[in-house]
Protein chains: 2
Amino acid sequence: MNENSSIRAKSGTNQEGTSAHNRRVMIEALRLNGALSRADLARATQLTKQAVSNIIEDLERDGLVVALETVRKGRGQPSTPYRLVPEGAFAIGLQIDRHLTRAVVVDLVGSVLARAEANLPLDEPSEGVKVILGLIDGVRRELAGISSQSESRLVGLGVAMPGPFGLKNSDDKWMMPAWQKFPLLETLAAGTGLNVGLQNDAAACATAERIVGAAHGVDHAVCLYVGYGIAAGLILNGELYTGGNGNAGEIGRALLSPAGPGSTPLEHRASLASLYQHLGLDAADAHLYERMDALALAEDPKVMAWIKGAAHDLRWSVHLIETIFDPQTVILTSGAPETLARRLLEAMQPLLPSIADRPGRSLPRLQLGITDPWSIALGAAAEPISRAFDPRFSAILKTRAGGL
Amino acid sequence: MNENSSIRAKSGTNQEGTSAHNRRVMIEALRLNGALSRADLARATQLTKQAVSNIIEDLERDGLVVALETVRKGRGQPSTPYRLVPEGAFAIGLQIDRHLTRAVVVDLVGSVLARAEANLPLDEPSEGVKVILGLIDGVRRELAGISSQSESRLVGLGVAMPGPFGLKNSDDKWMMPAWQKFPLLETLAAGTGLNVGLQNDAAACATAERIVGAAHGVDHAVCLYVGYGIAAGLILNGELYTGGNGNAGEIGRALLSPAGPGSTPLEHRASLASLYQHLGLDAADAHLYERMDALALAEDPKVMAWIKGAAHDLRWSVHLIETIFDPQTVILTSGAPETLARRLLEAMQPLLPSIADRPGRSLPRLQLGITDPWSIALGAAAEPISRAFDPRFSAILKTRAGGL
DNA sequence: GCTATTAAGTCAATCCGCTTGACTTAATTA
DNA sequence: TAATTAAGTCAAGCGGATTGACTTAATAGC
């Protein structure tokens, strides 16, 4: 019976796929443009007025869009704009970091409705999972107080944690080895009854930028994330790209010079971990963020020295990213306080000359992204929303019946 | 009237899009699996037997597929396998290099039916275009002798030339500045009456590997191309990725170390140009290829020294590519003779440890691709074929009526 | 050797969702 | 007040996948 399972082919599609795509296209158009009339949507999506009308009627019935006041603009019948209903869908996002974990609830438009954080016992996943499930339960209850339909409109749980995933030698202290081995997704799926997705933290950052930040509506953007480690989140062709094994963009472990295995990974020089080390701070310190903020504001010499060194490496990373991906823009994000991130951005100027240094650019080569430390949890939560509502190739195709 | 043109949205789709996609899926399945029965196709594509039957009937009428002998395999009615008809479609590929140009005709399955080459006057595009049009006309006539329907089945002209494209300072001698400014595509479209597409040479290599080489059916592969320059062709999510401005993968100009603008681009060390320089060969020499082949076979010390140096840099490039893209495999291709390419591949072993060095790999981390010097022209020709017949997201969407 | 079983493939009706073209509604312009 | 313009609806039509019953042709088992 399995003799044919080796045939490689893409899935076909049918009218359901068509309809699903068109619904998603409407939602994306409303997300990107704020409020649009049916006629606007018809023009923008190339569909007929009638098709749009039917779809909008459906979406309105499903509580995903709502009509606004009619507006008169020149000759002709006034139009009725529609906008997304934030309460149309919710998702929970979970950030698992080395020393703490955060959970948030976001709605369809990416607003954070509830948040909670807790310390995480390092290297004890089975204990940690209890903490996490408690956290999730907390924000979920909070959501229930906000919306009566919260449960039925909860589309999933997105998890973000430091990558890379699935390596052979995962005893590297940078990599949370115990967590890599723990069956986290299965445990969380069982514990919450939700669909669970996983991204690394840079991908989560990129997802956050895409839904509410600088990558909103940009098809080719790379998000350079300076956190405890360093990595790039890739928006290619308007979608998050995660590579063959979910590890694309993990540049933290890239060797900077062609000097062989002995070189220092980028991560060991341009990351908050290296900053903590440079400042003699404890990564588990509960007031780490405030301390960094204060030091950055005070232009502490040690901090400024680190910024200078990190900016040097990061400038080179931006050059490399531009050369390799040819993105429309590079977004610098960080778990660090905004003051620090902004100084880092400034220290990176002027950027190295590169292929991106072309005439007629509409977006800056490098810009500052969200610096809120909750952005990773936000991006984690945005992933299920995006999966459920954004137009994607795979959303058109018929789903393989037999699992996966 | 143009007030609404600023609305950003993806196109919707309809039954035509569905049908177009399903046709493409059938063709891809036959390309990847050789010959399949309608029942096989139905299982592989998730469509019903009936839908597949209708589509196959269409494709057969259009001369794109043909039935083979029925085969008996166990119980049940014997199945009738179908395969692609090579003569179902043709495309012309054009490679424009610094000193020469090549044109080929390929068919639907990627076989080369005709080929021609000529020298190209450097920095004189208006003269060069005459040579090119003559070359194209030649292979086109040759094709007409092979197939009576050649003209109606000619899907387009694919052009491959060294990138990057559209830079500010295009007076770099590496970059064929005069050609960068010349309205090549428009001239060729007018001169041939064909649809014209452009890729850089590494992308063409990747396209060639995808249609007939090591990337056949692989969703995530990077093609490292060592030609006169060096660049990477990116197959991401089963499609060629070209970035925001068509320059993705142009790693030749990437600086190797974070030493700032003064560093040596990779291209100046690991490319055939550097080999020619190292050997004191003239890049315009008509017998360059044979000379290189002879030297490589004889294990000439100078060649071996260059190989050692280039391999050192390339090993690092592979590490970087693996770290950044997380591909299933990296394919080494080159305009150099196979002996040389193979020695280069061997000299790159052992590869640097990287994220790709994981258990349970099904494909090698690095493998040798097509070494035929005509592979770029082949890839150029494969692009229109792929555009016309491979399943792609954009092929499903309604096309914007008003051009582009 | 007969029968049951299995699988490929067809037939005809149905269904779903977009399209078409005429029509209604409601505003501005002249 | 009439002409024009644009938003949006109505109802019939159409294209293409689905459905389920049916036919055909092979092997497996008794």
Side-chain angles (χ1 to χ4, degrees), chain A residues 1-4 7 11-26 35-61 65 67-82 396-399 401, chain B residues 1-4 7 11-26 35-61 65 67-82 396-399 401:
Chain A
M1 183 86 85
N2 244 7
E3 59 180 320
N4 289 319
I7 298 178
S11 243
T13 184
N14 56 14
Q15 290 95 318
E16 272 178 64
T18 299
S19 156
H21 172 71
N22 289 345
R23 273 177 71 112
R24 284 165 183 259
V25 164
M26 298 294 152
L36 296 173
S37 68
R38 301 180 183 205
D40 287 336
L41 284 165
R43 276 187 297 267
T45 62
Q46 308 287 110
L47 292 172
T48 59
K49 286 184 295 182
Q50 192 52 243
V52 170
S53 254
N54 295 338
I55 295 167
I56 288 293
E57 200 179 331
D58 268 21
L59 291 174
E60 195 170 17
R61 186 154 17 81
V65 307
L68 303 177
E69 291 280 286
T70 61
V71 296
R72 289 170 300 190
K73 45 176 178 189
R75 212 175 259 196
Q77 176 171 328
S79 64
T80 310
Y82 287 79
I396 292 178
L397 311 184
K398 295 184 73 170
T399 50
Chain B
M1 184 86 86
N2 244 7
E3 59 179 320
N4 289 319
I7 298 178
S11 246
T13 185
N14 56 14
Q15 289 95 316
E16 272 179 62
T18 299
S19 159
H21 171 71
N22 289 345
R23 273 177 72 112
R24 285 166 182 259
V25 165
M26 299 293 152
L36 296 173
S37 68
R38 300 180 184 205
D40 287 336
L41 284 165
R43 275 187 297 266
T45 62
Q46 309 287 109
L47 292 172
T48 58
K49 286 184 296 184
Q50 191 52 241
V52 171
S53 254
N54 295 337
I55 294 166
I56 288 292
E57 201 179 330
D58 269 21
L59 291 174
E60 195 169 19
R61 185 155 14 82
V65 307
L68 302 177
E69 292 280 287
T70 60
V71 296
R72 289 171 300 189
K73 46 177 178 186
R75 214 174 258 196
Q77 176 172 328
S79 63
T80 311
Y82 288 78
I396 293 178
L397 311 183
K398 296 185 73 170
T399 50

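For C:dA8, the OP1/OP2 oxygens have a side-chain nitrogen or oxygen of B:Arg43 closer than 4.0 Å. An OP1 or OP2 oxygen of D:dG8 is reached within less than 4.0 angstrom by a side-chain nitrogen or oxygen of A:Thr80. The side chain of B:Arg72 contributes no N or O atom lying less than 4.0 Å from OP1 or OP2 of C:dA8.
As a whole-Å value, the separation of B:Leu36 CG from C:dG9 P is 11 Å. Spacing between atom OH of B:Tyr82 and atom P of C:dA8 amounts to 14 Å, rounded to whole angstrom units. We find that CD of A:Glu57 is positioned 12 Å from C1' of D:dC10, with the value rounded to whole Å. Rounding to whole angstrom units, CZ of residue B:Arg38 and C1' of C:dT10 are separated by 9 Å. The distance between atom NE2 of A:His21 and atom C1' of C:dC16, rounded to the nearest whole Å, is 17 Å.
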Treating primed atoms plus P, OP1 and OP2 as sugar-phosphate and everything else as base, which nucleotides of nucleotides 14-24 of chain D get B, S or - for protein heavy atoms under 4.0 Å? -BBSBB----B
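Looking at heavy atoms from C-beta onward, A:His21 lies in side-chain contact with B:Leu397 at the 4.5 angstrom threshold. Contact annotation: the side chain of B:Leu59 approaches that of B:Arg23 to within less than 4.5 Å [non-hydrogen atoms, C-beta and beyond]. Side-chain contact check for A:Leu47 versus B:Lys398: some heavy-atom pair is nearer than 4.5 Å. A:Val52 places a side-chain heavy atom less than 4.5 Å from the side chain of A:Met26.
Taking every heavy atom of both residues into account, B:Thr45 and B:Val25 meet most closely at CG2-CG1, 3.4 Å.
Distance check: B:Ile396 CD1 to B:Thr13 OG1 gives 6.5 Å after rounding to the nearest 0.5 Å. Taking CG from B:Asn14 and CD from A:Gln15, the interatomic distance works out to 10.5 Å, rounded to the nearest 0.5 Å.
Around atom CD of A:Glu16, no more than 12 heavy atoms belonging to other residues, nucleotides or ligands sit under 6.0 Å away.
Under the 3.5 Å distance criterion, with hydrogens and angles disregarded, a donor-acceptor pair is assigned to the side chains of A:Asp40 and A:Ser37.
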Every protein N/O lying under 3.5 Å from an N/O of nucleotides 28-30 of chain D:
residue	atom	partner	partner atom	Å
D:dA28	O4'	B:Arg75	NE	3.3
D:dA28	O4'	B:Arg75	NH2	2.2

